[in-house]
Student: 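Here it is: the structure, laid out below.
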2 protein chains.
Amino acid sequence: MDEVFKALADASRRSLLDRLHARNGQTLNELCEGLAMTRQAVTKHLAILEQANLVTTIRHGREKLHYLNPVPIHQIGERWIKKFERGKLAALGELKRQLEKRDE
Amino acid sequence: MDEVFKALADASRRSLLDRLHARNGQTLNELCEGLAMTRQAVTKHLAILEQANLVTTIRHGREKLHYLNPVPIHQIGERWIKKFERGKLAALGELKRQLEKRDE
DNA sequence: TTGACAGGCAACCATTTGGTTGCCTATTAT
DNA sequence: ATAATAGGCAACCAAATGGTTGCCTGTCAA
């Protein structure tokens with residue numbers, strides 16, 4: 001899980017996920033197009049995403065296809081959000097109320 | 001939004017959020033208790049969480065109370081997850097199917 | 001079979017990050 | 001008034017991070 005958060009921390013990597021979301025199964029070179037980054041930089045980002053299990057790859061001949069894996073992101077929603085979500089809006093509302101009481 | 005992801009990338013900071021979730025409105029020194037870190041390190045983490053709007057603080061006399069703000073985390077769930085969630089399980093299932101076809 | 005294309009590996013570099021220590025300020029309690 | 005308490009600021013440091021360049025390997029097409 002730690003790896004997922006670290007992987008998502010970088011904007012370049014998030015945009016790579018965006019690209020894969022737009023069109024799944026792209027090759028490395030396709031993912032490089034239009035980016036102000038060398039191919040090797042992208043390779044590193046993809047490796048990090050792969051290790052975090054956010055991207056799955058498959059070799060097909062000399063090409064490596066990249067597929068988005070939505071499961072870990074979904075798990076954040078399941079574990080983290082849910083954890084803090086109880087009393088979602090209530091938190092801020094109650095916060096204000098408590099402080100008003102405290103500072104009287 | 002970038003700040004939120006960066007703030008969540010660190011395990012120490014996530015555990016600070018856990019602590020605040022367990023008991024909201026703690027002071028800096030309370031949050032330091034039992035951690036293998038100096039007070040100043042915790043201060044820095046809290047500053048980052050504050051900048052990401054994940055923690056709201058209020059001065060009360062010489063104390064600074066820290067409150068968890070669940071809204072940005074909730075927004076991840078709203079924006080990111082939703083974005084990739086379409087065809088949640090479908091993605092992996094379809095992935096396998098496509099590859100089986102491709103590699104025949 | 002040979003060149004072009006897709007990708008991998010490794011060394012290197014600058015900046016960011018997570019942490020430290022040391023000292024300063026403000027508030028509270030004795 | 002003064003000591004203890006709660007927190008802030010700044011300089012500094014080591015390690016991690018995001019990026020580069022250079023070169024190597026494997027696969028496909030002419």
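Just so you know, these numbers come straight off a predicted model, no measurement behind them. Lettering follows sequence order; numbering is per chain, from 1.
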Student: Mapping Gly61(A) and Lys6(A) to their closest nucleotides on DNA chain D, which lands nearer the 5' end?
Tutor: Lys6(A)
Student: Separation of Leu46(A) atom CG from dG7(C) atom P, in whole Å?
Tutor: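 These atoms are roughly 10 Å apart.
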Student: If we ignore hydrogens and angles and just use 3.5 Å, is the side chain of Asn69(A) paired with the main-chain N or O of Thr56(A) as donor and acceptor?
Tutor: no
Student: His60(B) NE2 to dA26(C) P: how many Å, rounded?
Tutor: 19 Å
Student: Which nucleotide wins on minimum distance to the side chain of Ala41(A), given the candidates dT20(D), dG18(C), dG22(C)?
Tutor: dT20(D)
Student: If you only use heavy atoms from C-beta on, which nucleotide in dC28(D), dG7(C), dG8(D) is closest to the side chain of Leu28(B)?
Tutor: dG8(D)
Student: Please figure out whether Asn29(B) or Lys44(A) has its closest DNA chain D nucleotide nearer the 5' end.
Tutor: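 So the residue in question is Asn29(B).
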Student: Report yes if the side chains of Arg14(B) and Asp2(A) come closer than 4.5 Å at any heavy-atom pair, otherwise no.
Tutor: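 Yes. Closest side-chain heavy atoms under 4.5 Å.
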Student: Kindly say whether, by distance alone, the side chain of Glu63(A) makes a donor-acceptor pair under 3.5 Å with the base of dG26(D)?
Tutor: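 A donor-acceptor contact between them is absent.
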Student: Separation of Gln51(A) atom CD from dG18(D) atom P, in whole Å?
Tutor: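 Value for this atom pair: 13 Å.
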Student: Compare the minimum distances between each of dG18(D), dG8(C), dG18(C) and the side chain of Asp10(A), then state the nucleotide with the smallest one.
Tutor: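 Within the option list, the nearest is dG18(D).
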Student: Separation of Arg62(B) atom CZ from dA6(D) atom C1', in whole Å?
Tutor: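 Taking CZ of Arg62(B) and C1' of dA6(D), I get 6 Å after rounding.
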Student: Verify, without hydrogens or angle tests, whether His66(B) (side chain) and Thr57(B) (backbone) share a donor-acceptor contact under 3.5 angstrom.
Tutor: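 Pair absent, no side-chain N/O of His66(B) close to backbone of Thr57(B).
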Student: Does a side-chain N or O of Thr38(B) approach OP1 or OP2 of dG22(C) to a distance below 4.0 Å, or not?
Tutor: no
Student: Is there a donor-acceptor pair closer than 3.5 Å between any side-chain N or O of Arg13(A) and the backbone N or O of Leu46(A)?
Tutor: no
Student: Rounded to whole Å, how long is the line connecting atom CZ of Arg59(A) with atom P of dG26(D)?
Tutor: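 After rounding, the gap between these two atoms is 11 Å.
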Student: Write down the distance between NZ (Lys64(A)) and P (dG26(D)), rounded to a whole number of angstrom.
Tutor: 15 Å
Student: Is Thr27(A) close to Leu65(A) at the side-chain level, that is, under 4.5 Å between some pair of heavy atoms?
Tutor: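 Contact flag for Leu65(A)/Thr27(A) side chains = yes.
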Student: For His45(B) and Glu30(A), take the nucleotide of DNA chain C holding the closest heavy atom to each; which residue's nucleotide lies nearer the 5' end?
Tutor: Glu30(A)
Student: Is Thr43(A) close enough to dG7(C) that one of its side-chain N or O atoms is under 4.0 Å from OP1 or OP2 there?
Tutor: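 For dG7(C), OP1/OP2 do not have a side-chain N/O of Thr43(A) under 4.0 Å.
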Student: What's the CZ-P distance between Arg13(B) and dT17(C), to the nearest Å?
Tutor: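 Distance check: Arg13(B) CZ to dT17(C) P gives 9 Å.
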Student: Give the rounded distance in Å between these two atoms: CZ of Arg39(B) and P of dT25(C).
Tutor: 15 Å
